[in-house]
Amino acid sequence: MEEEILPKSYQPETVEEKWYQFWIEKGYFKAQAKSHKPPFSMVIPPPNVTGSLHMGHALNNTIQDIIARYKRMDGYNVLWLPGTDHAGIATQNVVEKMIAKEGISRHHLGRKKFIERVWKWKEESGSTIINQLKRLGASCDWSRERFTMDEGLSKAVKQVFLRLFKEGLIQRDNRLINWCPRCGTALSDLEVEYEEKNGNLYYIKYPFVEYPSRFIVVATTRPETMLGDTAVAVNPDDKRYKHLVGKHVQLPLANRQIPIIADSMVDVAFGTGAVKITPAHDFADEATGRRHNLEFCSVIDREGKMSGDIPAEYIGLNRFEARTKIVDDLRQQELLLKVEAMKHNVGHCYRCKDVTEPLLTLQWFVRIKSLAEKAIAAVREKKIKIIPEQWENTYFNWMENIQDWCISRQIWWGHQIPVYYCPRCDGDKILITLRENQADTKRLQGNYNDFIKEGLSFEKIIEDIDYYLILDDAVPIVEGESCKKCGCKELIQDPDVLDTWFSSALWPFSTLGWPEHTDELKTFYPTSVLVTGFDILFFWVARMIMMGLKFMEDVPFKDVYIHALVRDSKGQKMSKSKGNVIDPLSVIDKFGTDSFRFTLAALAAQGRDVKLSEARIEGYKHFVNKIWNASRFVKMNIENYKVSQDYEIDIKNLHPFDNWILTRLNETIADVRSYYDNYNFNDAANAIYRFLWNDFCDWYIEHSKLRANESVVKHLLWYCLTTSLKLLHPIMPFVTEEIYQRLPHFDESIMISNFPVANTAFIGKDVSNIELLIKVIRAIRNVRSEMNVAPSQRPFVTIVAKNEGMGKFLREVKDFIEQLSRTQAEFVDELKERPASSALTVVEGIDIWVNLEGLINVEDEKNRIMKEINKTEKDVEFLNKKLSNEDYLKHAPEDVVEEDRQKLSVYKEKLAKLVENLEFLKGLK
RNA sequence: GGGCGGUUAGCUCAGCGGGAGAGCAUCGGCCUUACAAGCCGGGGGUCGUAGGUUCGAAACCUACACCGCCCACCA
């Protein structure tokens with residue numbers, strides 16, 4: 001069964017790979033689509049398929065693995081479904097950079113070849129992060145690994161798009177959107193990061209048409225957009241400008257005339273109180289423009305260059321060059337009044353950090369309001385619990401102010417929008433072609449079903465829509481499909497792809513086989529918990545809730561556990577540019593996976609960022625080693641003992657130490673269970689740490705050296721260790737398995753053993769006797785240390801205690817006192833005469849005299865006892881004061897007061913003895 | 001501008017109405033036959049500031065300060 005003696009220290013590298021393979025081979029990670037066990041499911045937040053593991057992943061997946069392993073041991077049919085995300089823009093950018101090294105761009109390759117290239121890269125690098133997750137110990141059901149662009153998920157995406165479209169929830173529209181000139185695509189509002197930058201506020205003079213020598217002055221941070229101005233706005237209540245509303249000004253440089261309009265959006269106090277309005281390049285101005293029916297004049301193109309109906313000298317300049325030139329030109333024409341430095345927020349692309357540009361373009365949008373309302377309700381009604389709860393506010397705040405979601409991206413890597421256009425037909429009025437296979441149609445539920453029952457009614461509803469939409473389902477659309485109007489077969493698919501987060505939003509049900517009605521969906525949806533960082537609360541979590549409610553008519557998960565960010569030891573965000581990135585894999589190599597995982601768990605307090613340092617991980621490596629050595633001890637001590645699972649402990653006649661350790665163990669089990677259940681992983685980690693180290697090792701093992709031949713001790717050494725290993729296994733899977741296998745064990749693996757259940761007989765049991773014993777031993781050790789008694793010395797101690805109650809108990813455990821305090825003890829009922837040259841310490845009314853003969857002088861003892869007197873005096877003073885306060889006695893609960901009274905009498909007694917002893921010492925000279 | 005978190009020992013944090021805690025670091029003593037990656041012991045804090053509630057506040061309330069996030073169309 002188990003091997004010989006354990007090596008002196010734990011070597012992670014030799015065991016981790018071995019056990020991971022073992023678990024996989026045994027199929028422990030696999031979930032059952034149908035099972036008599038209760039289901040428990042999680043879907044992994046899919047990492048970027050071409051990415052590699054960073055600290056955020058490590059924390060995220062460690063937490064999920066802790067939950068998965070705990071629940072599995074606790075009897076659940078656990079599905080932890082893994083997978084990766086195609087990560088549209090991010091992946092495309094990576095591959096573009098790669099081919100740029102070969103001197104080519106994606107446009108050289110063409111769409112088809114480029115996408116082939118990306119797939120190739122995906123095939124090459126896609127396993128990197130999966131393998132890294134495996135090194136972390138992640139117990140995902142790898143047989144169910146999914147990818148957001150695999151066949152099944154693509155089908156789900158198309159279904160969802162079609163249905164949302166048919167319900168009018170997806171629309172195509174010409175609106176102002178955030179555009180990244182570098183990536184060449186539209187972005188959703190969320191994909192723009194605002195950063196405060198130093199900029200200028202330029203005051204520009206716009207001459208009146210009727211009085212060219214007079215001006216209205218506008219202030220702007222973006223003078224280059226003035227070429228697209230179509231109005232100047234003032235506040236209707238602004239007395240300075242009231243009379244000018246309706247007049248026209250000459251737009252400098254552009255040679256156009258634009259009106260002065262009144263709009264309450266204008267802040268009278270800011271700048272000059274007159275605002276240039278550029279509806280095609282500013283979100284606020286867009287709204288104003290729509291309110292006033294202004295012209296939308298685009299002057300910046302998709303590459304961020306000046307274009308459109310503007311003077312030739314500006315055409316082709318990039319935005320920033322144009323700004324410089326326009327300011328110069330204005331200055332030359334004396335139209336620039338002044339320039340003030342000003343900080344303002346500048347939007348950046350979250351993928352490439354280029355400055356984003358509001359552009360007017362034709363895009364696809366999800367009308368999200370109605371979806372959001374249901375998603376808000378689900379959280380309000382606690383159908384979904386967000387943990388920690390404080391995030392609910394953030395969620396509500398965002399959801400209640402949600403804007404339509406721009407889902408089209410002008411890139412190539414992703415789910416191409418399943419919409420087709422007929423190149424021959426009249427551009428603006430086209431029919432819809434819809435095709436689905438019959439089986440699918442039958443399966444669809446609810447409104448949708450009714451909706452498409454008759455092709456006619458559907459066409460009627462959408463007859464005003466000006467494009468073709470075809471569900472590219474089982475059969476490729478290009479083959480055999482034709483335009484219903486002109487019959488042409490050369491339909492062109494919309495070139496845009498969907499926002500990556502569109503497919504991610506379907507993840508909890510698309511990965512379970514939707515739109516098929518699978519056993520997996522039935523068993524595992526809704527999933528039990530989603531574990532994620534707060535940074536994708538809006539990107540992902542909120543959208544999953546909306547889509548889940550819409551298409552599954554149920555929440556996608558019951559709990560959302562939101563964990564913190566991993567930062568460096570100074571609390572700074574880890575980033576490549578700062579050079580403070582700690583690579584999880586190198587940490588694993590250096591310290592082992594278990595110490596790393598334990599560190600993450602121990603630091604992952606709810607609502608706090610994780611400040612990670614290598615020193616910390618190294619510290620917990622010591623803990624791993626401590627467990628290892630405790631196991632060595634246990635193993636050596638049970639060598640010739642046959643461990644039995646059925647060992648019956650005689651609860652009524654337990655040795656006090658056994659009673660104590662079992663009480664501590666069971667309390668720990670109950671605590672750890674509750675901590676795991678409530679996502680308090682740091683508390684769980686600390687509780688196990690304390691039990692194993694401070695209780696089991698420091699006291700139980702140490703005391704057991706005196707009882708080494710008792711079978712109950714052998715049993716309990718094995719039992720307590722094995723049980724705490726099980727508690728720890730979710731956090732430290734490898735070392736716990738290694739030790740479990742080397743000790744006598746009754747399951748094939750610790751992974752499939754039952755998670756410990758607390759024996760209620762030991763919860764809250766009175767163990768004050770051992771607690772007193774520990775205090776006595778500590779007090780003696782304290783005296784020894786303070787008086788510099790060498791550890792090799794075994795002084796006599798005289799303990800004054802009647803042979804009844806606690807005194808009797810202490811007499812019974814004399815051997816342990818002697819062993820653990822390294823003394824020779826004698827007990828007396830009362831002192832006949834003061835022991836010579838001894839130091840006195842008092843514990844709960846029990847006098848303990850440590851004989852220091854030949855070891856110490858009187859002066860040292862005087863000093864020591866003075867210190868103890870001072871401390872005790874303070875205690876007495878404090879309690880006296882408290883107990884003489886009438887208000888306290890009147891208001892405080894009985895038991896609190898009673899406790900204080902008892903404490904006071906104990907302290908007073910102690911003080912009297914100490915003082916008496918001091919007086920004696922003084923008399924000695 | 002709105003919102004959320006934080007401020008407790010040198011460091012990282014727990015405590016969230018009844019005498020200030022842990023780990024690490026530090027100091028002193030130990031190679032005591034599981035473990036020096038260890039054992040034993042010590043020192044160290046007017047719990048950000050100012051008010052308030054209370055018999056009693058690190059904890060609850062109100063302001064303020066500083067740090068960190070998130071959201072927002074002051075150009």
Side-chain angles (χ1 to χ4, degrees), chain A residues 5-6 8-10 176 189-190 194 201-202 218-222 225 233 265-267 269-272 274-278 282-288 342 344-345 358 388 390-391 393-394 397-398 401 534-535 537-538 564-565 567 569 571-573 602-603 605 607-613 615-616 618-637 682-683 686 689-690 693-694 697-698 701-702 705 778 781-786 788-792 819-822 874-875 878-879 881-882 885-893 896-897 899-900 903:
Chain A
I5 206 122
L6 271 55
K8 243 195 150 178
S9 66
Y10 173 62
L176 206 56
D189 299 343
L190 280 176
Y194 289 91
L201 189 61
Y202 301 89
V218 299
T220 179
T221 55
R222 300 204 51 199
T225 64
M265 63 85 74
V266 179
D267 179 355
F270 187 88
T272 60
V275 191
K276 63 191 258 330
I277 301 294
T278 325
D282 183 281
F283 289 101
D285 294 0
E286 181 199 23
T288 312
M342 190 181 114
H344 65 130
N345 283 326
Q390 75 219 29
W391 286 105
N393 278 334
T394 312
N397 185 43
W398 187 70
N401 298 299
F534 60 80
D535 48 332
L537 181 60
F538 305 142
L565 235 55
R567 299 173 177 278
S569 57
Q572 290 193 308
K573 222 170 179 170
L603 291 177
R608 260 217 211 237
D609 287 341
V610 175
K611 285 183 199 161
L612 193 74
S613 66
R616 195 78 190 224
E618 194 178 5
Y620 285 122
K621 192 184 173 181
H622 297 176
F623 175 52
V624 175
N625 197 240
K626 183 77 182 176
I627 300 168
W628 183 260
N629 278 291
S631 307
R632 280 183 82 210
F633 177 86
V634 170
K635 190 166 167 57
M636 285 160 73
N637 275 272
N682 60 322
D683 291 327
N686 288 324
Y689 183 99
R690 270 195 296 273
W693 201 317
N694 303 129
C697 291
D698 289 353
I701 284 189
E702 288 306 323
K705 289 171 182 174
R778 288 212 164 116
R781 284 172 177 172
N782 187 323
V783 172
R784 292 183 61 119
S785 181
E786 296 248 317
N788 290 315
V789 180
S792 53
Q819 163 83 4
L820 296 169
S821 66
R822 308 185 69 73
K874 273 184 197 156
D875 292 337
F878 173 83
L879 286 167
K881 201 170 153 194
K882 201 169 170 187
N885 182 337
E886 276 176 37
D887 288 325
Y888 171 66
L889 298 175
K890 205 157 60 184
H891 293 277
V896 174
V897 177
E899 203 178 302
D900 281 347
K903 273 196 219 158

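FYI, side chains are in, hydrogens and waters are out, and symmetry mates aren't considered; it's all heavy atoms of this structure. Chain naming here is simple, since letters A, B, ... match the order of the sequence lines and numbering starts at 1 in each.
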Does [X] reach a base, just sugar-phosphate, or nothing at all? Heavy atoms under 4.0 Å.
X        : value
A:Tyr689 : sugar-phosphate
A:Pro358 : nothing
A:Asp267 : base
A:Ser631 : nothing
A:Lys705 : base
A:Lys882 : sugar-phosphate
A:Ile701 : base
A:Asp875 : base

Checklist entry - Below 4.0 angstrom from OP1 or OP2 of B:rG42, is there any side-chain N or O of A:Asn782? => result yes
Next on the checklist: So, does A:Trp628 get its side chain near the phosphate of B:rG38, meaning an N or O under 4.0 Å from OP1 or OP2?
Outcome noted: no
Side-chain donor or acceptor of [X] paired with backbone N/O of [Y] under 3.5 Å:
X        : Y        : result
A:Arg781 : A:Leu820 : yes
A:Thr225 : A:Arg222 : yes
A:Asn397 : A:Asn393 : no

Any strand: nucleotide that pairs with [N] via Watson-Crick or wobble, under 3.5 Å:
N      : answer
B:rA22 : B:rU12
B:rG38 : B:rC30
B:rC66 : B:rG6

Checklist entry - Given the C1' atoms of B:rC67 and B:rA22, what is the spacing between them in whole Å? => result 25 Å
Checklist entry - Mind checking the P distance from B:rA58 to B:rG51? Whole angstroms is fine. => result 14 Å
Checklist outcome for this item: Whole-Å distance, A:Arg690 CZ to B:rA22 P, equals 10 Å
Checklist entry - Could you give the CE-to-C1' distance, from A:Met265 to B:rA72, as a whole number of Å? => result 13 Å
Checklist entry - Are a donor atom and an acceptor atom from the side chains of A:Tyr10 and A:Asn629 found within less than 3.5 Å of each other? => result no
Next on the checklist: Under the criterion of centre distance below 5.5 Å and interplanar angle below 30°, is A:Phe878 classified as stacked on the base of B:rG19?
Outcome noted: yes
